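By convention in this document, chain letters (A, B, ...) are assigned in the order of the sequence lines, proteins followed by strands, and residues within each chain are numbered from 1. Heavy atoms only: backbone and side chains are in, while hydrogens, waters and symmetry mates are out. Predicted model, so just to flag it, every value in this text is computed and none were measured.
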Amino acid sequence: MEESELIVERKKKLDELKELGIEPYGRRFTCTHKIADIKEDTGKVKMAGRIVALRGHGKAAFADIKDITGKMQLYFKNDILGEEKYEIFKKIDIGDFLGVEGSVFRTRTGELTLRVRDFKILAKSLRPLPEKWHGLKDVEIRYRKRYLDLIANEETPRIFHKRSQLIDKIREFLNERGFLEVETPMMQEIPGGAKARPFITHHQALDTDLYLRIAPELYLKRLLVGGLERVYEINRSFRNEGIDTLHNPEFTMLEAYSAYGDYQEMMELTQELIVSLAKEILGKEEINYQEQKIDLKPPWQRISLKESLKEYCSFEDFSDLKKMKKIAKGLNLELSGKENGFEIADNIFKKRVQPALINPVFILDYPRSTSPLAKSKPDNTKLVERFELFIGGLEIANAYSELNDPAEQRRRFEEELKEEREGVKKTIDEDYLEALEYGMPPAAGLGIGIDRLVMLLTNSSSIREVLLFPQLKPEQ
RNA sequence: GCGCCCUUAGCUCAAUCGGUAGAGCAGGACACUCUUAAUGUCAAGGUUGCAGGUUCGAUUCCUGCAGGGCGUACCA
């Protein structure tokens with residue numbers, strides 16, 4: 001590819017600097033201040049950052065320099081820097097990293113400005129930055145070259161600060177309550193804990209196929225067997241499925257398990273956690289998400305799956321296939337005809353009910369057939385003690401009372417085996433069943449999609465906006 | 001996977017009922033020692049995503065491909 005004229009120009013300056021004996025890629029520079037800490041009465045200042053704007057005035061110039069804490073104006077003046085230094089300054093481009101030294105003053109217009117007495121080039125930038133005023137809008141470049149997005153769009157670093165803060169607060173919240181953070185295998189012999197298509201990889205030395213985990217669940221519950229009563233993990237899971245605004249092949253999940261609890265306890269914990277996160281990060285209990293106002297004030301509504309379908313679609317009998325198919329048709333749902341009652345109901349739920357769940361709602365009591373790791377309800381073995389949490393129409397959390405009866409668990413796994421699914425290894429995890437046979441305390445388990453929670457708290461419409469490097473097809 | 005839409009200068013955007021692309025920013029030259037989207041003057045910058053087709057002529061119309069966006073399906 002032909003090199004752009006803009007790059008040629010910058011390389012020319014690079015060479016000229018080298019000829020003057022200036023190293024354009026500097027070393028350690030010790031700062032006395034970050035930009036945000038600089039005040040009018042701050043004396044001598046040494047700070048570093050990236051030049052983001054230049055305004056020349058013949059024998060003087062203003063520049064804006066940016067560090068992680070903010071932006072400030074620099075004033076370069078011929079008779080302060082000296083002729084020689086000023087000539088070097090003229091070879092500075094927007095995008096260069098500079099270490100500067102000087103004293104603070106206010107300009108005539110009142111702007112806090114650093115009068116530069118000396119500076120060092122810390123890194124020469126060879127490529128032009130995106131436009132200063134409109135930023136970088138091309139979504140593809142924003143995702144592929146996130147570093148440019150971070151430089152050009154103020155909102156982007158803000159999102160990732162919030163994301164980091166959120167995960168921090170989750171850890172704090174759980175640690176305070178006696179949960180132990182653990183790390184369990186991402187490469188698993190039998191991918192369990194969900195029913196998604198896994199990624200396959202191969203270990204050479206062991207000469208065995210391994211699967212990237214689709215969920216950490218079965219390993220975390222082995223830890224309950226081992227007596228670690230409260231454990232959690234915040235890390236990636238991988239699902240080899242379609243990519244859209246809510247799904248990325250690798251995504252971050254919180255899974256937490258609490259011995260001796262049940263899904264009711266988890267509802268309390270989940271509600272408390274999310275409310276406290278909103279308060280800490282946004283400073284309030286109301287959030288705006290995609291033109292919707294969401295009120296997080298507890299207590300949150302709890303309604304069974306059946307009741308929700310009754311309320312929004314006026315039917316409640318999962319065995320009435322005829323009626324459900326009619327409703328599905330009315331909603332323009334494409335059905336293959338092979339779906340069972342719940343699958344149709346689930347489709348109807350997703351199309352009709354879920355988008356209406358703006359304020360937080362716990363949907364309770366799912367059919368046993370779709371929840372092979374959940375404990376049945378004592379009064380109705382067709383249903384399990386499970387909830388999903390919806391906020392802003394997004395599925396945010398999934399939790400249940402954990403099934404700890406090994407014989408029942410085996411029957412559920414066997415039921416599951418009957419369902420064909422392409423690309424999913426159909427193997428019963430005997431090791432897990434063995435662990436249950438040693439005895440696992442009754443427990444509550446919770447999974448929260450961290451990416452979606454971040455979407456909610458940053459008002460992002462796509463999961464890609466909250467992932468630094470979302471998955472895209474390779475170029476070309 | 002399917003459907004619809006998008007792709008023009010480094011960036012942000014114009015334009016063409018088919019007649020050969022224009023501006024701002026950035027970059028270059030000159031001027032300018034308090035500007036802040038600095039200013040003024042001048043010059044430069046493009047295989048209009050890629051490959052074909054129709055046409056005297058395609059950036060525009062058509063087909064295919066690539067990448068992206070949105071929707072839909074899979075993701076219990």
Nucleotide of [options] approaching [X] most closely (side-chain heavy atoms):
X: Glu131(A); options: G68(B), G24(B), U33(B); value: G24(B)
X: Ser462(A); options: C70(B), G28(B), C74(B); value: C70(B)
X: Leu136(A); options: C34(B), G69(B), C11(B); value: C11(B)
X: Arg239(A); options: C75(B), C25(B), G69(B); value: C75(B)
X: His57(A); options: U33(B), G67(B), C74(B); value: U33(B)
X: Leu6(A); options: G27(B), G67(B), U35(B); value: G27(B)
X: Glu5(A); options: G27(B), G69(B), U12(B); value: G27(B)
X: Tyr75(A); options: C34(B), G68(B), A26(B); value: C34(B)

Considering only atom [atom1], compute the distance from [N] to [M] and round it to an integer number of Å.
N: G22(B); M: U60(B); atom1: C1'; answer: 16 Å
N: G45(B); M: A38(B); atom1: C1'; answer: 23 Å
N: G71(B); M: G28(B); atom1: P; answer: 42 Å
N: U20(B); M: U59(B); atom1: P; answer: 12 Å
N: A73(B); M: C2(B); atom1: C1'; answer: 8 Å
N: C74(B); M: U55(B); atom1: C1'; answer: 45 Å
N: A9(B); M: C34(B); atom1: C1'; answer: 34 Å
N: A21(B); M: G46(B); atom1: P; answer: 12 Å

Reckon [X] touches a base, only the sugar-phosphate, or nothing at all at heavy-atom distances under 4.0 Å?
X: Arg144(A); value: sugar-phosphate
X: Phe76(A); value: nothing
X: Asp244(A); value: base
X: Ile141(A); value: sugar-phosphate
X: Ile94(A); value: sugar-phosphate
X: Gly135(A); value: sugar-phosphate
X: Ala152(A); value: nothing
X: Asp79(A); value: base
X: Lys137(A); value: sugar-phosphate
X: Tyr366(A); value: nothing
X: Leu148(A); value: nothing
X: Pro367(A); value: nothing

Side-chain donor or acceptor of Arg412(A) paired with backbone N/O of Ser371(A) under 3.5 Å: yes

Check: Phe251(A) main-chain N/O paired with Asn248(A) side-chain donor or acceptor under 3.5 Å: no

Opposite nucleotide pairing with [N], Watson-Crick or G-U, both atom distances under 3.5 Å:
N: A31(B); result: U39(B)
N: A51(B); result: U63(B)
N: A9(B); result: none
N: G19(B); result: C56(B)
N: G3(B); result: C70(B)

With a 4.0 Å limit, can you tell me whether [X] has a side-chain N or O closer than that to the phosphate oxygens OP1/OP2 of [N]?
X: Arg55(A); N: A38(B); value: yes
X: Arg464(A); N: G69(B); value: yes
X: Lys473(A); N: A66(B); value: no
X: Lys13(A); N: G28(B); value: yes
X: Thr245(A); N: G71(B); value: yes

Glu430(A)/Arg410(A) salt bridge by N-O under 4.0 Å criterion: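 Looking at Glu430(A) together with Arg410(A), the answer is yes, because their closest N to O distance falls below 4.0 Å.
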
Charged N-O contact under 4.0 Å between Lys375(A) and Glu385(A):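 Here Lys375(A) does not pair with Glu385(A) in a salt bridge, since their nearest N and O are not under 4.0 Å apart.
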
Min side-chain heavy-atom separation Met187(A)-Pro185(A) under 4.5 Å: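 Side-chain contact under 4.5 Å: no.
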
Please report, rounded to the nearest Å, how far the [atom2] atom of [N] is from the [atom1] atom of [X].
X: Leu246(A); N: C75(B); atom1: CG; atom2: P; value: 14 Å
X: Glu9(A); N: G45(B); atom1: CD; atom2: P; value: 13 Å
X: Lys90(A); N: G27(B); atom1: NZ; atom2: P; value: 15 Å
X: Arg142(A); N: C11(B); atom1: CZ; atom2: C1'; value: 14 Å
X: Asn78(A); N: A31(B); atom1: CG; atom2: C1'; value: 15 Å
X: Phe62(A); N: A37(B); atom1: CZ; atom2: P; value: 13 Å
X: Gln354(A); N: C75(B); atom1: CD; atom2: P; value: 14 Å
X: Asn347(A); N: A73(B); atom1: CG; atom2: C1'; value: 10 Å

The single option from Arg144(A), Arg464(A), Arg142(A), Arg158(A) passing salt bridge (charged side-chain N to carboxylate O under 4.0 Å, His left out) against Asp149(A): Arg142(A)

Distance under 6.0 Å and angle within 45° of ring axis: Arg146(A) vs Phe469(A):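 Here Arg146(A) fails the 6.0 Å and 45° test against Phe469(A).
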
Face-on cation placement of Lys85(A) at Phe119(A) ring, 6.0 Å and 45° thresholds: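 Lys85(A) over Phe119(A) ring: yes.
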
Under-3.5 Å donor-acceptor pair between Gln73(A) side chain and U35(B) base: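 Pair found.
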
Donor/acceptor link under 3.5 angstrom from His247(A) side chain onto base of C75(B): yes

Any donor-acceptor N or O pair under 3.5 Å, side chains Glu217(A), Tyr219(A):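 Their side chains do not contain a donor-acceptor pair, so the 3.5 Å distance test is not met.
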
Residues Tyr263(A) and Glu402(A): side-chain donor-acceptor under 3.5 angstrom: no

First of Arg452(A) and Ala63(A) reached from the 5' end of RNA chain B, by closest nucleotide: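 Counting from the 5' end, the first nearest nucleotide belongs to Ala63(A).
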
